[in-house]
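If you're wondering where the values come from, they're calculated on a predicted model, not measured in any experiment. Note that the numbering runs from 1 along the sequence shown for the chain.
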Amino acid sequence: MNEKLISDIENIRSQTNIKTVEFLRLLTELNPTQAKQQLNKIQLLDSKVIELSELLHMSTRRTKLEILDEIEQVRSKNNTHWMDVVRMCFELDEKRAQNIFYNIKECDKQIRDLSKEIADEKD
C-alpha cells in the first residue's frame, strides 16, 4: 500500500478535525453557555474512549472486538454531540457555519479521492 497516500489522508483528516473545532469556537463566541455544556458532554465521552482504548493493550476478560464495539458506540454518541454543536452554529450564525462546513466538505472530497486511489491500486 502506498505510504504517501496514507500519510496524505492522515494530514487531511487532521485538517478536518481542526476545522470541526472551529464550530466549537464559533459556538463559544455566540453562546458560551451552550458551548460549555456541549464540550463537557464531548469530553466525558472522549475520556471513555481513551479508557476503552487502553483496555485494548491490557489483559482483560472482554475480547478485543467487544471493546472495539463499545468504543464504536461511545464514538457514535460523541459524534451526535458534535453534530449538536454544528446545528447550534447554523441556528446562531448560518453564514459562518456554512463556511466552516464547506471547508470540511472539501477535505472530505480529498480524502475520498485519495482513498479511491489506494483502493484502486493493484498489488
Report task. With rounding to the nearest 0.5 Å, note down the distance linking CG in Asn78 to CE in Met83. Result ->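 It comes to 12.5 Å.
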Query raised in the report: Got a second to check how far Gln110's CD is from Ile9's CD1, nearest 0.5 Å?
Result: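 It is 11.0 Å, given to the nearest 0.5 Å.
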Query raised in the report: Hey, mind stepping through Thr33 and Asn31 against side-chain contact (heavy atoms from CB on, under 4.5 Å) and telling me if it holds?
Result: CA-CA 6 Å; Thr33 303; Asn31 190 324; 3.8 Å; yes
Applying the 4.5 Å side-chain criterion to the ILVMFWY set and letting contacts propagate, would [X] and [Y] be lumped into a single cluster?
X	Y	answer
Leu45	Val85	no
Met58	Leu68	yes
Ile104	Trp82	yes
Val21	Phe101	yes
Leu92	Ile42	yes

Closest heavy-atom pair and its distance - [X], [Y]:
X	Y	result
Cys107	Thr16	CB-OG1, 2.9 Å
Cys89	Phe23	SG-O, 3.0 Å
Ala35	Leu24	O-CD1, 4.2 Å
Glu66	Arg62	OE1-CA, 3.2 Å

If we only count heavy atoms from C-beta on, is the [X] to [Y] side-chain gap below 4.5 Å?
X	Y	value
Ile100	Val86	no
Ile111	Asp8	no
Gln43	Leu39	yes

Quick one: does any side-chain atom of [X] pair with a main-chain N or O of [Y] as donor and acceptor, under 3.5 Å?
X	Y	value
Ser7	Glu3	no
Gln98	Lys95	no
Ser76	Glu72	no
Gln38	His81	yes

Residue pairs, two or more places apart or on separate chains, that pass salt bridge (charged side-chain N to carboxylate O under 4.0 Å, His left out) and touch [range]:
range	answer
residues 80-89	Asp84-Arg87
residues 26-42	Glu29-Arg96
residues 103-114	Glu106-Lys109

Requested in this report: Give the C-alpha distance, both sets of side-chain angles, the deciding distance and a yes or no for side-chain contact (heavy atoms from CB on, under 4.5 Å) between Val49 and Leu52.
Outcome: CA-CA 5 Å; Val49 169; Leu52 290 167; 5.7 Å; no
Report task. Determine, stepwise, if the pair Glu51 / Lys48 fulfils salt bridge (charged side-chain N to carboxylate O under 4.0 Å, His left out). Result -> CA-CA 5 Å; Glu51 177 186 316; Lys48 181 69 174 171; 3.7 Å; yes
Requested in this report: Inspect the surroundings of NZ in Lys64 and state if more than 12 heavy atoms from other residues, nucleotides or ligands are less than 6.0 Å away.
Outcome: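 Enclosed: over 12 neighbouring heavy atoms sit under 6.0 Å from NZ of Lys64.
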Requested in this report: Under the side-chain contact (heavy atoms from CB on, under 4.5 Å) rule, what do Ile50 and Glu54 come out as? Steps first, then yes or no, please.
Outcome: CA-CA 6 Å; Ile50 291 168; Glu54 288 173 356; 3.7 Å; yes
